[in-house]
Novice: 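Below you'll find the structure I mean.
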Amino acid sequence: MRVFYRIEPEEAFRRIYGELAADGTINREVYAAPFSGLLAIVTDRNGVCWVLPIAEPRASKRNARVLCREYSLLHGRCIC
């Protein structure tokens with residue numbers, strides 16, 4: 001089973017992600033998805049897979065640079 005749970009603001013996203021990851025398994029660490037801002041996938045201790053997207057505000061050049069930098073740090077390559 002997969003549950004898609006959109007979380008805003010980013011502080012709540014990171015808190016919920018951390019709580020699910022603490023007792024579960026990280027399937028995909030937080031990364032900057034080119035289509036939706038930040039995204040993470042975690043399976044909780046009960047076997048439920050959580051897909052956690054957070055939408056970024058309307059993209060500005062600054063936001064795009066921040067997302068690209070974060071993705072690069074996590075994955076060693078740029079998505080731009």
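FYI, side chains are in, hydrogens and waters are out, and symmetry mates aren't considered; it's all heavy atoms of this structure.
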Novice: To the nearest 0.5 Å, what is the distance between CG on L52 and CG on L39?
Specialist: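 If we round to the nearest 0.5 Å, L52:CG and L39:CG are 7.5 Å apart.
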Novice: Can you sort out the partners of E8 under side-chain contact (heavy atoms from CB on, under 4.5 Å), two or more places apart, ordered by chain and number?
Specialist: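 Partners of E8 under the side-chain contact (heavy atoms from CB on, under 4.5 Å) test: R6, I54, A55.
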Novice: Could you tell me which residues satisfy side-chain hydrogen bond (donor to acceptor under 3.5 Å, both in side chains) with T43, sequence neighbours excluded, listed by chain and number?
Specialist: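 Once residues adjacent in sequence are excluded, the partners of T43 under the side-chain hydrogen bond (donor to acceptor under 3.5 Å, both in side chains) criterion are N27.
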Novice: Check the pair E11, R15 against salt bridge (charged side-chain N to carboxylate O under 4.0 Å, His left out), reporting the backbone distance first and the verdict last.
Specialist: CA-CA 6 Å; E11 294 79 27; R15 181 180 49 79; over 6 Å; no
Novice: Applying side-chain contact (heavy atoms from CB on, under 4.5 Å), name anything that partners I16, two or more places apart in sequence or on another chain.
Specialist: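 Counting only residues at least two positions away or on another chain, I16 forms a side-chain contact (heavy atoms from CB on, under 4.5 Å) with Y5, I7, L20.
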Novice: Looking at residues at least two apart in the chain, or sitting in another chain, which of them share a salt bridge (Lys or Arg N to Asp or Glu O under 4.0 Å) with R2?
Specialist: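 Expected list: none.
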Novice: List the residues meeting side-chain hydrogen bond (donor to acceptor under 3.5 Å, both in side chains) with N46, not counting sequence neighbours, and say none if there are none.
Specialist: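 None.
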